[in-house]
Novice: 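Please see the structure below; I have some questions.
Atoms within a ligand are numbered from 1 in the order they appear, just like the ligands themselves. Here the structure is a predicted model, which is why all the values come from computation and not from measurement. The figures that follow rest on heavy atoms only: side chains count, while hydrogens, waters and symmetry mates do not.
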Amino acid sequence: MKIFSGIQPTGEIHIGNYLGAIKHWVKLQETQECIFSIVDLHSLTTPYNPEILQKKILELTIAHLAVGINPEKSIFFVQSRVKEHTELCWLLNTVCPVGDLSRMTQYKEKTKQFKKNINAGLLNYPVLQAADILLYKTEIVPIGEDQKQHIELTRTIAKKFNTKFGETFKIPEPQLPKIGAKIMALNDPTKKMSKSMPESCLFLFDEPDKIKKRIMSAITDTDKTIKYDIKNKPGISNLLTIYHLFSNKPIQEIEKEFEGKGYGDFKKELVELLTESLKPFREKRKELLNQEALIQKILNNGAKKAKIVAQATMEDVRKKMGLI
Ligand code: AMP
Ligand code: TRP
């Protein structure tokens with residue numbers, strides 16, 4: 001199967017990104033044809049600092065390598081270094097209904113969050129995402145819950161293109177983890193954990209004292225039992241989900257273990273579990289921090305490999321659209 005997914009260099013990776021997406025990419029690369037991209041062009045649609053963009057890309061590359069993305073097994077590259085993404089984006093814009101774009105939840109949320117910068121890129125964002133995916137004839141897109149709607153739109157765009165210009169693109173399927181597709185904010189379990197709200201996050205490379213601080217102060221519910229109940233106890237349910245995914249113990253077993261104990265006891269154990277589980281990632285990241293030449297080489301190779309596939313698709317697309 002051909003797999004594609006991407007992540008924006010907008011901030012550090014949090015455990016939501018990891019549990020919802022990247023953890024599964026690491027596994028998929030063992031058996032499937034995987035392409036993973038740092039989607040820098042997407043990140044230009046919200047306020048950013050051009051002077052530190054390359055630093056963010058470098059940090060995100062290191063983060064991927066530290067958690068196990070293997071450039072020998074996956075194609076791993078930076079989106080803007082393969083120009084075909086922007087070309088295909090423009091061409092797909094001509095088949096994408098504008099009404100669909102304005103109905104996207106992420107667009108609506110971001111226009112609220114960044115009232116002073118509602119740019120056309122923010123509206124067209126999902127078309128670029130469709131280009132990312134379709135350029136590589138992708139079949140499966142492993143993502144978290146929040147991206148499901150964008151993959152639906154990608155499918156609509158692909159179908160419209162195929163009907164209008166002849167069979168060209170595979171129709172990709174989203175792949176969401178059964179548990180962990182939406183890790184909630186630690187400071188407000190009714191909202192998703194999001195890079196744009198650092199207080200909501202536990203970052204993957206946070207040091208032990210930060211893990212302790214974040215988990216011990218995570219918002220829980222007034223009643224004291226450790227029971228999974230998303231509707232009435234979203235805070236403790238979110239922490240139980242995190243505990244389950246890092247320990248591999250079934251949620252019921254965890255509930256039993258903490259029967260008669262309080263939130264404080266549970267949180268203390270969770271701090272320990274997270275500190276230990278994330279330790280190898282912290283260590284690997286530190287090792288990679290001063291190896292910039294190696295990292296750039298990995299990204300150059302990745303872009304070269306991606307270009308070969310992207311150029312072949314574009315030749316076909318240009319022909320089908322009457323451009324050559
Ligand atoms: P982003 O941080 O928006 O670039 O997202 C990168 C990947 O992480 C996407 O596949 C998202 O769906 C996924 N993701 C982001 N936030 C969460 C979350 N809170 N829980 C689970 N997955 C998430
Ligand atoms: N929009 C995605 C996010 O914010 C990132 C992304 C861009 C992506 N292009 C993609 C994800 C292609 C999957 C496939 O998380």
Novice: Which is closest to atom 21 (C) of ligand 1 by heavy-atom distance: G144, A181, S200?
Specialist: A181
Novice: Can you sort out which atoms of ligand 1 are near G20, meaning under 4.0 Å from one of its heavy atoms?
Specialist: 21 (C), 22 (N)
Novice: Find all atoms of ligand 2 within a distance of less than 4.0 Å from any non-hydrogen atom belonging to I133, and give their numbers and elements.
Specialist: 12 (C), 14 (C)
Novice: Which residues satisfy the side chain to side chain contact (heavy atoms under 4.5 Å, CB included) test with K164, sequence neighbours excluded?
Specialist: V95
Novice: Taking NZ, NE, NH1 and NH2 as the nitrogens, is one of them in K213 or D209 under 4.0 Å from a carboxylate oxygen of the other?
Specialist: no
Novice: With F281, which of F205, Y18, F203, F246 fulfils ring-ring contact (aromatic ring centres under 6.0 Å, His included)?
Specialist: Y18
Novice: So, taking the atom named CD in Q311 and the one named CZ in R318, what distance separates them when rounded to the nearest 0.5 Å?
Specialist: 8.0 Å
Novice: List ligand 1 atoms under 4.0 Å from G180, heavy atoms only on the residue side.
Specialist: 21 (C)
Novice: At less than 4.0 angstrom from any non-hydrogen atom of S5, what atoms of ligand 2 do you find?
Specialist: 13 (C), 14 (C)
Novice: Relative to ligand 2, is D146 under 4.0 angstrom through side chain, backbone, both or neither, heavy atoms considered?
Specialist: neither
Novice: Hey, which atoms in ligand 2 end up nearer than 4.0 Å to a heavy atom of V141?
Specialist: 13 (C), 14 (C)
Novice: Just checking H64 against F36, ring centres under 6.0 Å apart?
Specialist: no
Novice: Evaluating non-hydrogen atoms only, which member of K148, K192, Q147, M184 is closest to atom 9 (C) of ligand 1?
Specialist: Q147
Novice: Taking N or O atoms only and a 3.5 Å limit, does H150 qualify as a polar contact for ligand 2?
Specialist: no
Novice: Any ion pair linking D146 and K182 (charged N to carboxylate O, less than 4.0 Å)?
Specialist: no
Novice: Taking atom CD1 of I295 and atom CG of N300, what is their separation to the nearest 0.5 Å?
Specialist: 12.0 Å
Novice: Can you report which non-hydrogen protein atom sits closest to atom 22 (N) of ligand 1, along with the distance?
Specialist: G16 O, 3.1 Å
Novice: Would you compute the distance between atom OG of S247 and atom CG of L270 and round it to the nearest 0.5 angstrom?
Specialist: 9.0 Å
Novice: Is the count of non-hydrogen atoms from other residues, nucleotides or ligands lying under 6.0 Å from E315 atom CD greater than 12?
Specialist: no
Novice: Are K110 and F114 in a cation-pi setup, meaning NZ or CZ lies under 6.0 angstrom from the ring centre and within 45 degrees of the ring axis?
Specialist: no
Novice: Measure the distance from atom 5 (C) of ligand 2 to every protein heavy atom, then report the residue, atom name and distance (to 0.1 Å) of the closest one.
Specialist: G6 O, 3.6 Å
Novice: Check ligand 2 against I143 and write out every atom of the ligand that is under 4.0 Å from a heavy-atom position of the residue.
Specialist: 13 (C)
Novice: Quick test of your reading of the structure: of I151, D132, T10, whose heavy atom lies closest to atom 9 (N) of ligand 2?
Specialist: D132
Novice: Have a look at C96 and tell me which of T156, N124, T154, V127 forms a side-chain contact (heavy atoms from CB on, under 4.5 Å) with it.
Specialist: V127
Novice: How far is atom 8 (C) of ligand 2 from its nearest protein heavy atom, and which residue and atom name does that atom have?
Specialist: Q129 NE2, 3.4 Å
Novice: Suppose I only count heavy atoms of Q8 and a 4.0 Å limit; which atoms of ligand 2 are within that range?
Specialist: 4 (O)
Novice: Any nitrogen or oxygen of A21, main chain or side chain, under 3.5 Å from a nitrogen or oxygen of ligand 1?
Specialist: no
Novice: Answer side chain, backbone, both or neither: which part of K195 comes under 4.0 Å from ligand 1, heavy atoms only.
Specialist: side chain
Novice: Does a salt bridge link E84 with K307, judged by any charged N lying under 4.0 Å from a carboxylate O?
Specialist: no
Novice: Of the listed options (I143, T241, D146), which comes nearest to atom 12 (O) of ligand 1 when hydrogens are ignored and any heavy atom counts?
Specialist: D146
Novice: Flag M193 as yes when one of its N or O atoms lies below 3.5 Å from any N or O atom of ligand 1, and as no otherwise.
Specialist: yes
Novice: Note the single closest protein heavy atom to atom 3 (O) of ligand 1, along with its residue, its atom name and the distance in Å.
Specialist: Q8 NE2, 4.3 Å
Novice: How about F4 and Y136: are their ring centroids closer than 6.0 Å?
Specialist: yes
Novice: Could you identify the single nearest non-hydrogen protein atom to atom 20 (N) of ligand 1 and state the distance to 0.1 Å?
Specialist: I183 N, 2.8 Å
Novice: Mind checking whether Y125 has an N or O less than 3.5 Å away from an N or O of ligand 2?
Specialist: yes
Novice: Among all protein heavy atoms, pick out the one at the shortest distance from atom 3 (C) of ligand 2; state its residue, atom name and that distance to 0.1 Å.
Specialist: Q147 NE2, 3.2 Å
Novice: Identify the residue among E292, R285, E287 that makes a side-chain contact (heavy atoms from CB on, under 4.5 Å) with L289.
Specialist: R285
Novice: Specify the protein heavy atom at minimum distance from atom 16 (N) of ligand 1: its residue, its atom name, and the distance to 0.1 Å.
Specialist: H14 CE1, 3.5 Å
Novice: Which is it for S194 and ligand 1 at heavy atoms under 4.0 Å: side chain, backbone, both or neither?
Specialist: neither
Novice: Do the two ring centres, one from Y107 and one from H150, sit under 6.0 Å apart?
Specialist: no
Novice: Which residue and non-hydrogen atom of the protein lie closest to atom 15 (C) of ligand 1, and at what distance in Å?
Specialist: N17 ND2, 3.3 Å
